[in-house]
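First comes the structure, then the notes that go with it.
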Amino acid sequence: MPELPEVETIRRGLATALEGRRIARVTVRRSDLRRPLPENFAARIEGRRITGIGRRAKYLLLSLDDDNVLLAHLGMSGRMVIENGAETRVAHLTHVHVSFAAEDGTVVRFSDPRRFGLMDIVAANALDSHALLAGLGPEPIGNAFDGTILAERLKGKRTPIKAALLDQRVVAGLGNIYVCESLYRSGISPKRLARTVQGERAHRLADAIRAVLADAIAAGGSSLRDHVSATGELGYFQHNFEVYDREGQPCPGCDCGAGVLRIVQSGRSTFYCAARQR
DNA sequence: CTTACGGCCTGTACGC
DNA sequence: TGCGTACAGGCCGTAA
């Protein structure tokens with residue numbers, strides 16, 4: 001499920017539940033995620049206090065009081081669900097691979113049916129050079145992102161802009177939904193070669209990316225099938241999709257007869273309006 | 001170097 | 001009902 005807005009929503013929920021808390025017990029039911037959990041995973045976290053929870057791209061970063069960071073990626077189907085005593089509505093119950101129990105009784109469960117997610121423990125001072133984080137592009141909702149930066153990153157790229165935006169080295173945190181939505185909002189064809197998105201176009205696209213992500217975060221992310229937030233609340237940005245998963249439906253703000261089209265680019269669905277996006 | 005594609009894994013929706 | 005196929009929010013390794 002998770003692209004940047006969903007991960008950010010989960011981060012906020014986890015921060016409320018876990019920041020400042022000590023992890024008393026870590027239970028591992030399966031360690032064969034996308035990559036195996038690191039050695040002694042549970043023992044390295046038990047007894048540690050969570051000093052802060054951050055995010056980089058689609059990675060959750062839980063800072064521990066021993067100057068290590070628990071890095072977690074949710075893959076396609078991963079969730080973090082907070083359980084407070086009585087409440088036991090854990091989604092994907094049979095796919096809970098790791099549980100974190102804080103000393104105050106709060107339990108956070110990581111579930112991930114497809115097991116494309118992963119976790120690692122990294123020294124805080126080596127975080128930026130971690131293999132999974134080192135090559136990531138700029139945070140699109142950070143101050144250091146704008147049309148000029150985006151244009152620079154797209155320069156010379158011969159792939160369609162759709163594929164370029166899915167590349168986490170270009171911009172960090174976008175996935176299929178928000179790429180489609182951003183291209184629609186900025187009126188740029190997903191088939192346009194990335195290197196031709198320069199100048200004014202790049203600024204329009206960067207602005208659209210920032211706006212789409214901000215709107216999605218404000219809506220608590222998108223819930224395509226089930227819960228998104230760590231507290232179990234549904235995000236509702238899926239109701240604001242203009243093109244994603246709307247093949248054949250009329251596109252808002254456009255009178256073209258064709259409506260939203262679906263094509264496949266690099267093996268993934270792209271939704272767009274041929275009249276509005278050039 | 002850059003780009004394209006198969007594979008990872010499970011669940012679900014759909015057509016026959 | 002059952003079965004086969006396609007597809008799903010991500011990413012990586014390999015090949016070209």
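Side-chain atoms are counted along with the backbone in the values below, which use heavy atoms only and exclude waters and symmetry mates. Order of the sequence lines sets the chain letters (A, B, ...), proteins ahead of strands, with each chain counted from 1.
Contact annotation: A/Ser269 side-chain N/O to C/dA8 OP1/OP2 distance is under 4.0 Å. Taking only side-chain nitrogens and oxygens, A/Arg35 never comes nearer than 4.0 Å to OP1 or OP2 of C/dC12. For the OP1/OP2 pair of B/dC9 and a distance below 4.0 Å, the side-chain nitrogens and oxygens of A/His95 include no atom meeting the criterion. Dashed line: the shortest gap from a side-chain N or O of A/Lys58 to OP1 or OP2 of C/dG9 is not under 4.0 Å. In this model, the phosphate group of C/dC11 is approached by a side-chain N or O of A/Gln168 to a distance below 4.0 Å at OP1 or OP2. Residue A/Tyr244 places at least one side-chain N or O closer than 4.0 Å to OP1 or OP2 of C/dG9.
Applying the 3.5 Å distance criterion, the base of B/dC9 shares a donor-acceptor pair with the side chain of A/Arg114.
The interatomic distance linking A/Arg79 (CZ) with B/dT10 (P) rounds to 16 Å, in whole Å. In this entry the distance linking CZ of A/Arg268 with C1' of B/dA4 reads 14 Å, nearest Å. Going from atom CG of A/Leu174 over to atom P of C/dG10 covers 10 Å, rounded to whole Å. For A/Leu193 and B/dA4, the CG to P distance is 10 Å, given to the nearest whole Å. Atom-to-atom, CZ of A/Arg158 to P of B/dA4 comes out at 11 Å; the value is rounded to the nearest Å. When the C1' atom of C/dA8 is taken as reference, atom CD of A/Glu6 falls 14 Å away, rounded to whole Å. Atom NE2 in A/His97 sits roughly 9 Å away from atom P in B/dT10 (whole-Å rounding). A straight line from CG of A/Leu234 to P of C/dG9 spans 19 Å, rounded to a whole angstrom.
Of the candidate nucleotides B/dT10, C/dA8, C/dC11, C/dC11 has the atom lying nearest to any side-chain atom of A/His73. Taking every side-chain heavy atom of A/Arg30 into account, B/dT10 is the closest of B/dT3, C/dC12, B/dT10. If you check C/dG10, C/dA8, B/dT10 against the side chain of A/Arg115, the one that comes closest is B/dT10. Closest to the side chain of A/Arg34, from the set C/dG9, B/dT10, C/dC11, is C/dC11. Closest approach to the A/Leu132 side chain among C/dC7, C/dC12, C/dG10 is made by C/dC12 (side chain taken as heavy atoms from C-beta onward).
We find that A/Arg25 and A/Glu46 are joined by a salt bridge, their nearest charged nitrogen and carboxylate oxygen being less than 4.0 Å apart.
In this structure, CG on A/Leu183 lies 6.5 Å from CD1 on A/Ile188, to the nearest 0.5 angstrom.
As judged by a 4.0 angstrom heavy-atom cut-off over every strand, A/Gly267 is placed among residues making no nucleic acid contact. Here A/Thr159 lies in heavy-atom contact (under 4.0 Å) with sugar-phosphate atoms only. A/Phe237 comes within contact range of no nucleotide atom at all, as no heavy-atom separation falls under 4.0 Å.
For the P atoms, the distance from B/dC1 to C/dC11 is 22 Å, rounded to whole Å. Rounded to a whole angstrom, the distance from the P atom of C/dT14 to that of B/dC9 is 16 Å. Atom name P, nucleotides C/dT5 and B/dG7: the rounded distance is 16 Å, in whole Å.
The side-chain ring of A/Phe116 is not stacked on the base of C/dC11, judged by centre separation under 5.5 angstrom and plane angle under 30 degrees.
Clustering ILVMFWY residues whenever any of their side-chain heavy atoms sit less than 4.5 angstrom apart, transitively, puts A/Leu213 in a cluster other than the one holding A/Tyr59. Hydrophobic clustering, with ILVMFWY side chains joined whenever heavy atoms are under 4.5 angstrom apart, keeps A/Val171 apart from A/Leu136.
Judged by closest nucleotide on DNA chain C, A/Val264 is the one of A/Val264 and A/Ala131 placed further toward the 5' end.
Aromatic ring pairs are classed by plane angle as parallel below 30°, tilted from 30° to 60° and perpendicular above 60°; the pair A/Tyr178 and A/Phe241 is perpendicular.
Between the A/Gln168 side chain and the A/Gly173 main chain, a donor and an acceptor come within less than 3.5 Å of each other.
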Open item on the list: Does A/Val243 form a side chain to side chain contact (heavy atoms under 4.5 Å, CB included) with A/Gln249? I'd like the steps, not just the answer.
Closed with: CA-CA 8 Å; A/Val243 288; A/Gln249 299 182 49; over 6 Å; no
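Nucleotide C/dG4 has B/dC14 as its partner under the Watson-Crick or G-U criteria, with both atom distances under 3.5 Å. Searching all strands for a Watson-Crick or G-U wobble partner of C/dG9 with both distances below 3.5 Å returns nothing.
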